[in-house]
Amino acid sequence: MVTRRYGGQTADDRVAERRARLLAAGLELMGTRGIAGTTVRGVTEASGVAARYFYESFPDIESLHLAVYDMVVEESARRSVTALAEAPDDDLARTRAVLAELVDLILADPRKGRILVLEATASPALGRRSLQESSRFAGMLASTASSGDPGLPSDDLPTDLRLVSQFLVGGVISTIGAVLLGDVEVEREHLIEVLVSLFEAVRAPASTRPRDDG
C-alpha cells in the first residue's frame, strides 16, 4: 500500500503536526490567560488549526487542558531524572539537583509555572491529576531519600518518610509559587538553598524511623 504524501508529509505527520500546534497554543493560553481563557475557539485561532481538526486530537477542551498539564509534568520528570543521574552520589547533592530543576522549570518559563502552581487546581480534572502527580513525585523523592534510586517503588518505605515527602512536595510548590507571583523576592540560589535546608531538616528524622505496619 502506498502512503500518500502532501507537501512531503503523510496523513499521520499532518495529524501530529496539528496536535503539536494545538498543544503549543494551549500552553500559551493556559499559561497567560488561565483555564477559563483557554477555549476551543481560542486555541484554534492561536494555533492556526481549523476548528474541525481540533477534535481529531482531543474529544473536548478539558482533554487539551489535561494534555498540556501532562506535558509540563513530564518535562519536569525528565529534567529531574536527568539531574539525578548527573548529580554526585550524595543525598544532599541529589536533593539540590531535583529542587533546582523544579525551581528553574517554574521560574524560567512563567507559563509553565502558572500551570503547575495555579491552574492545577482550576478545574476538577486538573485537580485530580495534580494530586496524582504530587503523590508520584513524593514517592520519587521518598525513594531517592531512602536508596538514591527514584525509580524504586516507595510502598515499602517507612510511613513517616512517605508522609514527609508528600508534605514537602506541596510546600515546595507553594513556596516557589509565591516567588513566581512576586509575593516573595529572592535570588534563585538562595531559594534553592532554603528549600534544600528545609527538606533535609524535616526529612532526616523520618527516613530513620521504622515502617509502621499498623
Side-chain angles (χ1 to χ4, degrees), residues 35 65-85 87 90-107 112-181 183-184 186 188 190-214:
I35 288 285
H65 295 161
L66 285 168
V68 171
Y69 176 79
D70 286 345
M71 183 172 65
V72 176
V73 168
E74 287 165 8
E75 179 185 351
S76 176
R78 287 195 304 271
R79 290 175 59 163
S80 295
V81 170
T82 299
L84 281 170
D90 170 78
D91 286 348
L92 194 63
R94 286 194 294 264
T95 299
R96 179 178 287 106
V98 173
L99 291 174
E101 285 300 327
L102 189 58
V103 166
D104 289 343
L105 176 72
I106 291 177
L107 299 186
K112 297 174 183 176
R114 175 172 178 168
I115 289 168
L116 288 180
V117 174
L118 298 179
E119 301 308 316
T121 59
S123 75
L126 282 188
R128 289 191 296 272
R129 184 62 57 83
S130 177
L131 287 174
Q132 292 170 354
E133 291 302 325
S134 176
S135 294
R136 184 167 73 96
F137 192 53
M140 185 185 80
L141 286 177
S143 295
T144 300
S146 177
S147 65
D149 185 350
L152 291 179
S154 61
D155 293 349
D156 292 331
L157 295 178
T159 299
D160 284 2
L161 177 57
R162 295 169 62 194
L163 290 173
V164 166
S165 296
Q166 189 74 58
F167 168 80
L168 287 169
V169 167
V172 166
I173 293 295
S174 178
T175 300
I176 302 176
V179 176
L180 173 68
L181 295 173
D183 295 337
V184 181
V186 63
R188 171 188 180 274
H190 186 61
L191 171 61
I192 293 170
E193 289 306 314
V194 168
L195 293 175
V196 170
S197 297
L198 290 171
F199 192 97
E200 289 299 301
V202 178
R203 188 200 68 177
S207 64
T208 60
R209 293 172 191 160
R211 179 184 178 186
D212 179 8
D213 293 319

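Values reported hereafter were calculated over all heavy atoms of this structure, with side chains retained and with hydrogens, waters and symmetry mates removed. All values derive from a computational prediction rather than experimental measurement.
Looking at every heavy atom in both residues, Arg188 comes nearest to Ala100 through NH2-CB, 3.9 Å. Pairing each heavy atom of Leu116 with each of Leu105, the nearest pair is CD1-CD2, 3.8 Å. Considering all non-hydrogen atoms of both residues, Ala93 and Ala87 come closest at O-CB, 4.1 Å. Residue Tyr69 comes nearest to Ala120 through the heavy atom pair CE1-CB, 3.9 Å, listed as atom of the first residue, atom of the second, then distance. When all heavy atoms are compared, the tightest approach of Leu180 to Gly113 is CD2-C, 3.5 Å.
Rounding to the nearest 0.5 angstrom, the gap separating the OG1 atom in Thr95 from the CG atom in Leu198 is 12.0 Å. We find the CG-CD distance between Leu168 and Gln166 to be 10.0 Å, quoted to the nearest 0.5 Å. Note that the OG atom of Ser130 and the CD1 atom of Ile115 stand 12.5 Å from one another [nearest 0.5 Å]. To the nearest 0.5 Å, the span separating CG on Asp70 from NE2 on His65 amounts to 13.0 Å.
Looking at Ile173 and Leu102, their side chains come closer than 4.5 Å, going by heavy atoms from C-beta outward. Side-chain contact between Val184 and Thr175 is absent, with no heavy atoms from C-beta onward closer than 4.5 Å.
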Could you check Ile176 against Val117 for side chain to side chain contact (heavy atoms under 4.5 Å, CB included), going step by step and ending with a plain yes or no? CA-CA 8 Å; Ile176 302 176; Val117 174; 5.8 Å; no
Give the intermediate values and the outcome of side chain to side chain contact (heavy atoms under 4.5 Å, CB included) for residues Leu66 and Leu126. CA-CA 6 Å; Leu66 285 168; Leu126 282 188; 3.7 Å; yes
Please step through side chain to side chain contact (heavy atoms under 4.5 Å, CB included) for the pair Val73 and Arg129, ending with a clear verdict. CA-CA 10 Å; Val73 168; Arg129 184 62 57 83; over 6 Å; no
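Residues satisfying the salt bridge (charged side-chain N to carboxylate O under 4.0 Å, His left out) criterion with Arg78, sequence neighbours excluded, are absent altogether. In this view, Arg79 and Glu75, Glu101 satisfy the salt bridge (charged side-chain N to carboxylate O under 4.0 Å, His left out) rule, not counting sequence neighbours. Scored by the salt bridge (charged side-chain N to carboxylate O under 4.0 Å, His left out) test, Arg128 finds no partners at all (sequence neighbours excluded).
A donor-acceptor contact shorter than 3.5 Å links the side chain of Ser80 to the backbone of Ser76.
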